[in-house]
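One-based numbering, in listed order, for ligands and for the atoms of each.
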Amino acid sequence: MADIVVLGAGVAGLGLAAFAARRGHRVTLVERDGPPPEGGADAEVADWERRGVPHARQGHALLGLGISVLRQE
Ligand SMILES: Cc1cc2nc3c(=O)[nH]c(=O)nc-3n(C[C@H](O)[C@H](O)[C@H](O)COP(=O)(O)OP(=O)(O)OC[C@H]3O[C@@H](n4cnc5c(N)ncnc54)[C@H](O)[C@@H]3O)c2cc1C
């Protein structure tokens with residue numbers, strides 16, 4: 001088991017953190033932006049200050065394989 005530090009909670013960092021933790025590694029995820037506001041998805045889109053990922057407010061589509069791998073993990 002390794003200690004892993006992941007910088008950045010975008011899709012790549014979140015994915016790596018989930019994959020590594022599921023395989024027994026101890027993961028610390030470091031994100032510069034603050035946590036989401038209370039109120040669910042609508043509040044996150046409207047009010048979450050994600051200076052590091054302004055594209056988080058844009059609609060995103062993922063290919064089927066990507067969705068299926070993320071669901072499994
Ligand atoms: C308008 C737009 C539409 C898009 N639409 C699609 C789509 O439909 N489908 C698709 O597959 N892709 C789409 N993309 C591309 C996709 O958004 C990117 O490929 C993806 O977000 C990259 O993920 P990432 O985790 O590598 O980086 P990012 O999403 O950029 O995340 C990086 C993270 O690191 C954090 N960070 C930065 N510096 C530091 C630091 N020093 N310390 C700590 N944390 C830090 C940031 O705050 C951020 O949270 C789109 C992009 C844009 C701009």
* Do the side chain of R22 and the main chain of E73 share a donor and acceptor less than 3.5 angstrom apart? -> yes

* To do: Indicate, with yes or no, if V11 and L14 share a hydrophobic cluster defined by side-chain heavy-atom contacts under 4.5 Å among Ile, Leu, Val, Met, Phe, Trp and Tyr.
  => no

* D3 backbone acceptor or donor facing H25 side chain under 3.5 Å -> no

Which protein N or O atoms sit under 3.5 Å from any N or O of ligand 1? Give atom names and distances.
residue  : atom   : partner : partner atom : Å
ligand 1 : 8 (O)  : A61     : N            : 2.9
ligand 1 : 9 (N)  : A61     : O            : 2.8
ligand 1 : 14 (N) : H60     : NE2          : 3.4
ligand 1 : 17 (O) : H60     : NE2          : 2.8
ligand 1 : 21 (O) : H55     : NE2          : 3.4
ligand 1 : 25 (O) : V11     : N            : 3.2
ligand 1 : 25 (O) : A12     : N            : 2.9
ligand 1 : 29 (O) : H55     : NE2          : 3.2
ligand 1 : 38 (N) : R32     : NH2          : 3.3
ligand 1 : 44 (N) : R32     : N            : 3.2
ligand 1 : 47 (O) : E31     : OE2          : 2.6
ligand 1 : 49 (O) : E31     : OE1          : 2.7
ligand 1 : 49 (O) : E31     : OE2          : 3.2
ligand 1 : 49 (O) : R50     : NH2          : 2.7

* Asked: Under a 4.5 Å cut-off applied to non-hydrogen side-chain atoms, are D33 and R51 in contact?
  -> yes

* **Side-chain (W48) to main-chain (P35) donor-acceptor, under 3.5 angstrom** => yes

* Asked: Are any of the side-chain nitrogens in E44 or R57 under 4.0 Å away from the carboxylate oxygens of its partner?
  -> no

